[in-house]
There are 2 protein chains.
Amino acid sequence: MSSSNSPAEPGAVPVDVDRLLLAALARDGRASYTELAEKVGLSVSAVHQRVRRLEQRGLITGYRAVLDPKLLGLPLTAFVSITPIGAQNEDPPALLSHLSAIEECHSVAGQESYILKVRVASPDALELLLREIRACANVSTRTTVVLSTLYEDRPPI
Amino acid sequence: MSSSNSPAEPGAVPVDVDRLLLAALARDGRASYTELAEKVGLSVSAVHQRVRRLEQRGLITGYRAVLDPKLLGLPLTAFVSITPIGAQNEDPPALLSHLSAIEECHSVAGQESYILKVRVASPDALELLLREIRACANVSTRTTVVLSTLYEDRPPI
DNA sequence: TGTGAAAAATGGGGCGC
DNA sequence: GCGCCCCATTTTTCACA
């Protein structure tokens with residue numbers, strides 16, 4: 001179930017149509033089926049079928065508008081590494097999930113237990129957020145402030 | 001230039017229509033103007049106008065399909081912090097931008113100079129990538145492997 | 001799976017208010 | 001800035017290969 005393409009003639013590059021569709025949609029989530037069909041050289045309905053299958057198989061998990069955090073009033077980004085204090089039976093991600101300033105939460109190997117990516121309006125807001133994180137989840141924090149973002153949200157494909 | 005809404009009658013919550021649209025589109029980038037119009041209680045053309053303005057003002061920078069990295073064959077995520085070695089006149093982000101495994105690149109305050117978020121197929125691929133990063137950009141690396149991702153891509157709004 | 005065509009819904013622009 | 005009408009395009013579904 002990993003290959004759904006022709007047997008790949010030697011010499012011809014066996015472009016995977018589904019890959020092309022995923023790459024196109026990762027770059028422009030509103031691309032019309034007509035555009036996509038032209039790009040991959042299939043009919044509109046074939047493309048429609050393939051995209052539906054990609055959605056059903058979970059390869060495409062959703063569609064998002066990408067917003068500019070600065071223009072939204074959230075110019076300050078930071079990575080917050082957290083370490084539980086004392087009792088280890090708590091679940092920091094769950095205890096913190098209501099904080100909408102937290103955009104990502106990863107469990108990680110290394111000195112600390114989790115890494116959060118957060119966005120706030122100002123240094124003051126960051127200070128308040130850190131206090132909340134420490135209080136809610138009973139953790140200590142180590143914060144790395146982002147000075148500038150060179151690139152972000154680059155499609156993995 | 002910060003308010004574009006009605007004078008807000010006392011008692012009624014003065015919901016900012018543009019915020020609602022941004023939040024809706026951040027969650028479903030393919031929402032139709034009809035859906036959006038129902039959600040905010042305006043006509044389709046009014047919504048259409050507002051969304052166009054949000055795009056033109058740069059608040060909406062694009063639309064993306066969100067893909068599942070695991071199903072794409074990139075189950076291993078890591079944060080790589082890098083520190084330049086020797087000459088400081090080089091530009092690591094530029095020297096590394098061709099590496100498609102790098103999804104994000106941030107300049108940061110703290111011990112290290114940059115933080116990268118990378119996605120690879122395997123530990124072997126990670127080792128190769130780290131070698132490439134060190135060789136291309138003349139940097140040392142410190143890598144934090146992600147064990148699991150609790151949440152990611154949460155809309156900032 | 002892919003193709004083609006027909007019905008239904010949506011996108012996009014202009015005009016009056 | 002909003003609402004409504006009109007038309008091109010697109011989406012969605014169908015039978016057929």
Side-chain angles (χ1 to χ4, degrees), chain A residues 1-9 12-67 71-73 157, chain B residues 1-10 12-68 71-73 157:
Chain A
M1 55 180 100
S2 59
S3 110
S4 59
N5 225 21
S6 49
E9 306 192 55
V13 184
V15 233
D16 185 332
V17 176
D18 286 336
R19 287 252 142 185
L20 279 177
L21 293 174
L22 289 172
L25 285 169
R27 280 164 186 76
D28 177 8
R30 301 204 75 149
S32 72
Y33 292 105
T34 311
E35 284 181 77
L36 296 173
E38 288 170 7
K39 196 162 296 187
V40 302
L42 286 182
S43 71
V44 173
S45 23
V47 168
H48 189 241
Q49 261 183 106
R50 280 174 180 268
V51 172
R52 294 230 317 190
R53 294 182 72 115
L54 290 170
E55 290 168 353
Q56 285 172 353
R57 291 180 185 176
L59 266 146
I60 297 176
T61 61
Y63 298 88
R64 298 278 159 83
V66 184
L67 310 183
L71 295 181
L72 271 177
I157 189 176
Chain B
M1 57 181 103
S2 58
S3 112
S4 57
N5 227 19
S6 48
E9 305 193 53
V13 184
V15 234
D16 185 332
V17 176
D18 285 337
R19 287 253 142 183
L20 279 178
L21 293 174
L22 290 172
L25 286 169
R27 280 164 187 76
D28 178 7
R30 300 204 75 148
S32 70
Y33 292 105
T34 310
E35 283 181 78
L36 296 173
E38 287 171 8
K39 196 160 295 186
V40 302
L42 285 182
S43 73
V44 173
S45 29
V47 168
H48 190 240
Q49 258 183 106
R50 280 173 178 267
V51 173
R52 294 229 321 189
R53 292 183 71 118
L54 290 171
E55 290 169 352
Q56 285 171 353
R57 291 181 186 176
L59 265 146
I60 296 175
T61 61
Y63 297 88
R64 298 278 157 83
V66 184
L67 310 183
D68 182 322
L71 295 182
L72 272 176
I157 189 177

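Computed from a predicted model, the values in this text were never measured in an experiment. Any value given below was found using the heavy atoms of this structure, including those in side chains, with hydrogens, waters and symmetry copies removed. Naming convention: chains lettered A, B, ... in sequence-line order (proteins, then strands); numbering from 1 in each chain.
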*asked:* B:Arg19 vs A:Leu72, test: side chain to side chain contact (heavy atoms under 4.5 Å, CB included). Steps then yes/no.
replied: CA-CA 9 Å; B:Arg19 287 253 142 183; A:Leu72 271 177; 4.0 Å; yes

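In this structure, A:Thr61 contributes its side chain and B:Asp68 its backbone to no donor-acceptor pair below 3.5 Å.
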Are there any protein N/O atoms within less than 3.5 Å of an N/O atom in nucleotides 15-17 of chain D, and if so, which ones and at what distance?
none

A correct 5'-to-3' footprint of nucleotides 2-16 of chain C, with B, S and - meaning base, sugar-phosphate only and no protein heavy atom under 4.0 Å, is BBB-----SSBS---

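Applying the ring pair (Phe, Tyr, Trp, His ring centres under 6.0 Å) test to B:Tyr33 and every residue at least two apart in sequence or in another chain returns B:His48. By the side chain to side chain contact (heavy atoms under 4.5 Å, CB included) test, A:Gln49 is found to be paired with no residue, residues two or more places apart in sequence or in another chain being considered.
Residue A:Glu38 contributes atom CD, which lies 12 Å from atom P of D:dT11 at whole-angstrom precision. Computed from coordinates, the A:Asp28 CG to D:dT10 C1' distance equals 14 Å when rounded to whole Å.
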Please set out all donor-acceptor pairs under 3.5 angstrom arising from side-chain atoms of residues 35-42 of chain B, sequence neighbours excluded.
unit_1: B:Glu35; atom_1: OE2; unit_2: B:Ser32; atom_2: N; d: 3.2

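Going from atom CG of A:Leu22 over to atom CG of A:Leu54 covers 5.0 Å, rounded to the nearest 0.5 Å. Remark: A:Ile157 CD1 to A:Arg27 CZ distance equals 8.0 Å, nearest 0.5 Å. We find the CG-OH distance between A:Leu25 and B:Tyr63 to be 14.5 Å, quoted to the nearest 0.5 Å.
Between the axis at the start and the axis at the end of the helix from C:dT1-D:dA17 to C:dC17-D:dG1 there is an angle of 30°, using five pairs per end and rounding to 10 degrees.
With a 4.5 Å cut-off on side-chain heavy atoms, A:Arg57 and B:Leu71 do not count as touching. Counting only heavy atoms from C-beta outward, the side chains of B:Leu59 and A:Leu67 never approach each other to under 4.5 Å.
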